[in-house]
**Student:** 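Please see the structure below; I have some questions.
Any value given below was found using the heavy atoms of this structure, including those in side chains, with hydrogens, waters and symmetry copies removed.
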Amino acid sequence: MTDLQECRKEIDQIDSEIVKLFEKRMKISEEVAEYKIHTGKRVLDSRREQDKLKALREQAHGEFNKLGVQEVFQQVMAISRKRQYQLLTASGADSPHDYEIVEKLPLNDVNVVFQGVEGAYSYAAMRAYFPDEIKNYHVKTFRNAMEEAASGRADYAVLPIENSTQGIVTDIYDLLTEYQLYIVGEQVVRADHVLLGLPGVSAEKIETVYSHPQALAQCKKYLERHPDWRTVKTENTAASAKKVKEEGDPSQAAIASREAGEFYGLSVLAENICHNGGNVTRFIIVSARPVYEKNAAKVSVCFELPHESGTLYNMLSHIIYNGLNMTKIESRPIPGKTWQYRFFVDFQGNLKDPAVKNALRGLEAEADSMRVLGNYGQQEEA
């Protein structure tokens with residue numbers, strides 16, 4: 001019978017030899033990095049790596065070992081590249097972004113655009129993020145808001161990107177890749193939905209309720225208690241409040257914010273109607289200017305990958321290996337590329353941090369395309 005302790009002792013000896021060989025290999029990798037720094041040669045040479053993996057695989061015996069050798073050396077090569085990216089950063093090589101660092105964003109006396117109408121949650125997010133000394137106006141669609149910021153007619157645009165109960169706003173993710181805009185801030189707003197009606201009208205009179213589809217879904221349990229009510233979808237919650245006010249029909253009500261009710265002179269017929277008391281929406285502040293505050297704490301990137309096994313793991317490993325905390329990952333289909341996806345990742349850090357520079361250098365080098373969407377700090381809830 002095999003002696004387990006003897007086997008373990010032999011494995012320990014082999015592992016020690018592997019560690020010594022690994023460190024020897026990494027030392028040579030550093031010399032390779034010095035050559036690439038001086039010549040400007042790219043760190044990743046995909047053709048060379050694939051040829052090398054194929055040759056190493058053929059040296060192993062049996063299909064299981066061949067696959068194992070391939071996986072081991074893929075990791076060794078990936079770690080070698082990460083070390084080379086670190087040395088490139090330490091050498092002062094150009095960073096893969098052109099952002100300008102500022103003490104504070106200029107927020108006074110600026111033009112701000114938001115989607116919707118006064119009283120909408122986008123309006124509330126704008127009021128919470130910006131000081132009173134601004135000029136603001138609204139547009140009908142998310143695309144309109146993006147166009148206003150991209151053209152320079154607005155210094156900033158305020159857009160919803162995520163709700164804690166309904167998930168991401170997919171249109172915003174898609175538009176971020178279409179327009180050359182940058183996330184410079186964010187604002188979280190609590191969605192405190194109430195039922196609004198004309199002054200002096202009671203809830204018993206209501207026959208039709210207007211609101212945005214997400215708000216209707218978030219208040220589904222409350223609405224189910226009134227099966228005789230007809231629900232009608234609108235483009236946003238504040239627009240539904242405006243409609244009720246302008247049409248003056250006592251049988252109509254709107255689900256919107258308390259602020260929208262105050263703005264349009266409506267009465268609160270019922271409150272606490274959202275079944276999730278922690279319902280919040282995150283808004284982003286975008287600008288055509290690539291800028292970030294010196295104390296910004298979150299980085300957002302998007303990238304496309306080769307349609308190959310393991311590529312997403314390799315990309316995320318740059319974030320993990322540099323000790324960065326990934327806080328979010330989303331994917332969206334790439335138009336015209338069936339079953340291929342663009343990934344959006346948020347992680348904690350600042351563009352001036354060496355670890356962030358290393359991670360971004362690796363992401364940029366190994367993705368089909370990569371873009372830093374912004375570096376910004378998180379605001380308090382409104």
Side-chain angles (χ1 to χ4, degrees), residues 7-62 64-97 299 301 303 305-306 308-326 343 345 347-368 370 372:
C7 289
R8 287 177 172 172
K9 184 184 297 184
E10 193 170 352
I11 286 174
D12 289 343
Q13 292 173 346
I14 294 170
D15 288 347
S16 295
E17 293 175 23
I18 291 174
V19 170
K20 292 176 183 177
L21 291 172
F22 171 77
E23 291 188 330
K24 184 177 181 180
R25 192 185 195 284
M26 290 301 296
K27 181 64 177 176
I28 297 173
S29 292
E30 292 177 359
E31 295 173 6
V32 171
E34 290 297 326
Y35 172 82
K36 291 180 178 179
I37 289 170
H38 288 99
T39 62
K41 186 177 176 64
R42 287 172 56 89
V43 169
L44 175 62
D45 185 340
S46 298
R47 177 68 63 83
R48 156 77 177 165
E49 287 199 3
Q50 291 305 313
D51 291 345
K52 182 69 175 175
L53 287 171
K54 183 178 179 181
L56 290 167
R57 178 187 170 103
E58 292 306 312
Q59 294 178 36
H61 301 86
F64 184 88
N65 284 352
K66 288 179 185 292
L67 287 172
V69 164
Q70 177 176 313
E71 184 170 340
V72 166
F73 279 94
Q74 280 177 326
Q75 293 303 311
V76 170
M77 291 175 181
I79 293 169
S80 174
R81 292 197 304 274
K82 292 178 178 68
R83 179 55 179 153
Q84 292 182 49
Y85 295 136
Q86 287 180 344
L87 293 173
L88 280 168
T89 299
S91 73
D94 291 339
S95 299
H97 63 81
V299 178
V301 300
F303 51 80
L305 301 175
E308 301 168 3
S309 175
T311 53
L312 178 58
Y313 170 81
N314 290 336
M315 292 294 283
L316 297 182
S317 70
H318 290 291
I319 297 171
I320 299 167
Y321 200 83
N322 282 287
L324 302 171
N325 180 32
M326 186 176 72
F343 293 89
V345 173
F347 58 87
Q348 293 176 345
N350 188 284
L351 290 177
K352 68 179 183 293
D353 298 339
V356 172
K357 291 180 180 180
N358 294 338
L360 293 179
R361 193 181 298 280
L363 291 171
E364 184 187 47
E366 299 181 19
D368 283 346
M370 191 279 286
V372 180

**Student:** What is the distance from atom CD of Gln50 to atom CD of Gln70, rounded to the nearest 0.5 Å?
**Tutor:**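 Atom-to-atom, Gln50:CD and Gln70:CD are 7.5 Å apart.
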**Student:** Hey, is CD on Glu10 packed in by over 12 heavy atoms from elsewhere, all under 6.0 Å?
**Tutor:**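 No, not enclosed.
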**Student:** Are the side chain of Asn322 and the backbone N or O of Leu324 linked by a donor-acceptor pair below 3.5 Å?
**Tutor:** no
**Student:** For a quick test of reading the model, state the closest non-hydrogen atom pair linking Ser80 to Arg25 and the distance between them.
**Tutor:** CB-NH1, 4.1 Å
**Student:** What distance do Thr311 atom OG1 and Phe343 atom CZ have between them, rounded to the nearest 0.5 Å?
**Tutor:** 7.0 Å
**Student:** Closest heavy-atom contact between Asn350 and Val299?
**Tutor:** N-CG2, 4.4 Å
**Student:** Side chains of Gln75 and Tyr313: closer than 4.5 Å at any heavy-atom pair?
**Tutor:**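 Side-chain contact under 4.5 Å: yes.
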**Student:** Rounded to the nearest 0.5 Å, how far apart are CG of Leu56 and CD of Glu49?
**Tutor:**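 Spacing of CG (Leu56) from CD (Glu49) equals 11.0 Å.
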**Student:** Would you indicate whether the side-chain heavy atoms of Leu316 and Val345 approach each other to under 4.5 Å?
**Tutor:**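 Counting from C-beta outward, Val345 and Leu316 do come under 4.5 Å.
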**Student:** Heavy-atom distance under 4.5 Å between the side chains of Tyr321 and Asn358, does that happen here?
**Tutor:** no
**Student:** Under a 3.5 Å cutoff, is there a donor and acceptor pairing between the side chains of Tyr85 and Glu366?
**Tutor:**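 Yes, because at least one side-chain N or O of Tyr85 sits under 3.5 Å from a partner of the opposite role on Glu366.
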**Student:** Let me confirm one number: the NZ-CD1 distance from Lys24 to Ile28, rounded to the nearest 0.5 Å.
**Tutor:** 6.5 Å
**Student:** With a 4.5 Å cut-off on side-chain heavy atoms, are Ile320 and Phe347 touching?
**Tutor:**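 Side-chain contact under 4.5 Å: no.
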**Student:** Met26 and Arg83: which non-hydrogen atoms are nearest, and at how many Å?
**Tutor:** CE-CB, 3.5 Å
**Student:** Can you give me the closest heavy-atom contact between Met315 and Leu305, atom names plus distance?
**Tutor:**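 Where Met315 meets Leu305 most closely, the heavy atoms are CG-CD2, 3.0 Å.
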**Student:** Show me, pair by pair, the donor-acceptor contacts under 3.5 angstrom made by side chains of residues 12-20, not counting sequence neighbours?
**Tutor:**
residue, atom, partner, partner atom, Å
Ser16, OG, Asp12, O, 3.1

**Student:** Using the rule side-chain contact (heavy atoms from CB on, under 4.5 Å), only one of Gln84, Met77, Arg81 pairs with Leu44; which is it?
**Tutor:**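 Going through Gln84, Met77, Arg81 one by one, the side-chain contact (heavy atoms from CB on, under 4.5 Å) with Leu44 is satisfied by Arg81 alone.
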**Student:** Quick one: does Gln59's side chain get under 4.5 Å of Val69's, heavy atoms only?
**Tutor:** no
**Student:** If you take all heavy atoms of Leu351 and Leu360, which pair is closest and at what distance?
**Tutor:**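 Smallest interatomic distance, heavy atoms only, reads CD2-CD1, 3.5 Å.
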**Student:** What distance separates Arg42 CZ from Lys36 NZ, expressed to the nearest 0.5 Å?
**Tutor:**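 Arg42 atom CZ to Lys36 atom NZ measures 9.5 Å (nearest 0.5 Å).
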**Student:** To the nearest 0.5 Å, what is the distance between CD on Gln348 and CG on Asp353?
**Tutor:** 11.5 Å
